[in-house]
Peer 1: 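My questions will all concern the structure given below.
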Amino acid sequence: MSDVSSERTFPISLQERGRKALRAIKGLEEAIAAQSVFCQGTIIYGKKGKIRQIPRQTPVLTIDRNRLVSILLKQLTETYSHNQVKVHFNCQCTAVDGTAKTVTLKLNQEQSFTTDYDLLVGADGARSQIREYLSNNAGLVCSQNYVPDAYKSVYLSRLNPETRWELEPNKIHAFTLENKARMLMVPQPGDHLNGVIIFDHQNNPLEGLSTKEEVKEFFEKNFPILGQLMSLEEAQMLLKRPVARVLTVHCERFHEGDSVLLIGDAAHAVSPSIGQGCNSSLEDVLILGQLLEQYGNDWGQVLPAFSQQRVSDAHALRELSDYTFPRQKSLIVEFLLRTMIKRLFHRWFPHWVKPFVFDLVLDTDLPYSQVLSLSQGWINKVKRSSLT
Ligand SMILES: Cc1cc2nc3c(=O)[nH]c(=O)nc-3n(C[C@H](O)[C@H](O)[C@H](O)COP(=O)(O)OP(=O)(O)OC[C@H]3O[C@@H](n4cnc5c(N)ncnc54)[C@H](O)[C@@H]3O)c2cc1C
């Protein structure tokens, strides 16, 4: 675990899958909801000033990632005594020995210690050390790839008291720019607006800007609505903030024998395009809990059953994350039309017509593999278009 840095935090949207997992722990969903903003839809601001509203029937819970992590930690430490759960911060796992069943943890440059385990759960993110061990020593077949997009976190105020300008408090605000750059800003409690500027990693529109004035000017010119909300302090911070890349992970299994398990991004990191990484990670925990109830503490059954149930869904999620949203203009129009028509027909004939792919991901808890099979035609179409 590392320090809770604000450099790379961003808003996470949670829907039915993630929230269902939270609900399994008494009081957790309520604690998270109390520090979240519920968004009723998205406003898309086009390049030429055109504004399009995409309403959502089911509001999306949005919460800052660091805030979410601290609520989970609080719940954990308040529910279990220190004898039951010990939490160590700033311990970096540097080595695993699966035969001796030990892990080595580094405290700082000079100090590290080795401790043994019965069960090792690798929830250590997309650059998982535990996965690396399994890949190098236990024949785990896995691959990892960077998505072409890179991002920087951006923090603004939702209102400008001088101009009295303000953005709607319960909508996600999406902006696009010529060279594939875009911004996604999400209202947070206290009139904050947190989000990201996303761009092709080879074409960083902020590269070459060296002063806070230049950064502010860039936003005023390219994202005028946000430019008005950007202070010079934030422009200065943005200059210093690192560019982050997103790594995706594809594994053929998530366990080794009866003693090592991978969950969350360590097992199946995906592109954030449809906002499912955290939802699916929480769902992993729910499923692990259900398997523990089914098999008791028999890890020899629980771990393979987890892989069996989860790998196909994780692979389906990757397809959905890569190909739900098209990049071609004509397909974007088709996507929006299909979504609206299916919404309408689903409202009239709920048993006959299922919602379109994005609504299926967001508003249902159908397994991702089922969502993919219901949406395969569309996914194939977007995939073909991305090859041309
Ligand atoms: C810009 C962006 C927007 C996103 N938006 C959404 C969204 O709207 N909805 C959604 O569902 N998902 C979203 N995601 C994805 C989501 O953030 C991840 O899927 C989720 O955080 C995965 O959780 P995790 O616990 O598996 O991994 P992480 O959140 O990466 O946590 C891993 C933890 O392990 C620690 N760690 C790493 N290496 C070691 C080591 N060697 N030793 C010890 N500890 C270690 C890290 O410090 C960290 O605390 C988004 C991602 C990005 C980049």
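These figures come from a predicted structure and were not determined experimentally. Counting starts at 1 for both ligands and their atoms, following the listed order.
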Peer 1: Report yes if A126 has an N/O atom closer than 3.5 Å to an N/O atom of ligand 1; otherwise report no.
Peer 2: no
Peer 1: Does one side chain, of E162 or Q228, offer a donor that lies under 3.5 Å from an acceptor on the other?
Peer 2: no
Peer 1: With no hydrogens and no angle check, just 3.5 Å: does a side-chain donor-acceptor pair link D191 and S157?
Peer 2: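 The answer is no; no qualifying pair exists.
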Peer 1: Are any of the N/O atoms in G275 less than 3.5 Å from those in ligand 1?
Peer 2: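 Yes; at least one N/O pair falls below 3.5 Å.
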Peer 1: Any nitrogen or oxygen of Q92, main chain or side chain, under 3.5 Å from a nitrogen or oxygen of ligand 1?
Peer 2: no
Peer 1: Does the pair S13 and Q15 meet the rule for a side-chain hydrogen bond (donor to acceptor under 3.5 Å, both in side chains), with working shown?
Peer 2: CA-CA 7 Å; S13 64; Q15 309 92 29; 3.2 Å; yes
Peer 1: Between ligand 1 and C91, can you find any atom pair, the residue atom being a heavy atom, that is separated by under 4.0 Å?
Peer 2: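 Distance cut 4.0 Å: C91 passes for ligand 1.
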Peer 1: With atoms numbered from 1 as shown, which atoms in ligand 1 lie under 4.0 angstrom from a non-hydrogen atom of R65?
Peer 2: 21 (O), 28 (P), 29 (O), 30 (O), 31 (O)
Peer 1: For ligand 1 and N279, I'd like to know whether there is a polar contact (N/O to N/O, distance under 3.5 Å).
Peer 2: yes
Peer 1: Check this for me - ligand 1, C278, N or O atoms closer than 3.5 angstrom, yes or no?
Peer 2: yes
Peer 1: Using a strict cut-off of less than 4.0 Å between a Lys/Arg side-chain nitrogen and an Asp/Glu carboxylate oxygen, indicate whether K20 and D365 qualify as a salt bridge.
Peer 2: yes
Peer 1: Is the terminal nitrogen or CZ of R17 (NZ for Lys, CZ for Arg) located under 6.0 angstrom from the six-membered ring centre of Y368 and within 45° of that ring's axis?
Peer 2: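 Checked: cation-pi criterion met.
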Peer 1: Could you tell me the separation between the CH2 atom of W299 and the CG atom of L261, rounded to the nearest 0.5 Å?
Peer 2: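 With rounding to 0.5 Å, CH2 (W299) is 8.0 Å from CG (L261).
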Peer 1: I'd like the name of whichever of F10, Y151, F89 reaches closest to atom 52 (C) of ligand 1 through any heavy atom.
Peer 2: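 Heavy atom nearest to atom 52 (C) of ligand 1 belongs to F10.
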Peer 1: Go through ligand 1 atom by atom and flag the ones less than 4.0 Å from a non-hydrogen atom of G264.
Peer 2: 26 (O)
Peer 1: H268 and D284: side-chain hydrogen bond (donor to acceptor under 3.5 Å, both in side chains), yes or no, with the steps?
Peer 2: CA-CA 10 Å; H268 49 69; D284 281 353; 2.7 Å; yes
Peer 1: Under 4.0 Å from a heavy atom of A123: which atoms of ligand 1 are those, numbered in the order shown and with their elements?
Peer 2: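 Those of ligand 1 that fall under 4.0 Å from A123 are 32 (C), 33 (C), 34 (O).
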Peer 1: By number and element, which atoms of ligand 1 are closer than 4.0 Å to a non-hydrogen atom of S281?
Peer 2: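 Answer, ordered by atom number: 22 (C), 23 (O), 26 (O).
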Peer 1: List in chain and number order the residues that pass ring pair (Phe, Tyr, Trp, His ring centres under 6.0 Å) with F356, two or more places apart in sequence or in another chain; answer none if no residue qualifies.
Peer 2: F335, W378
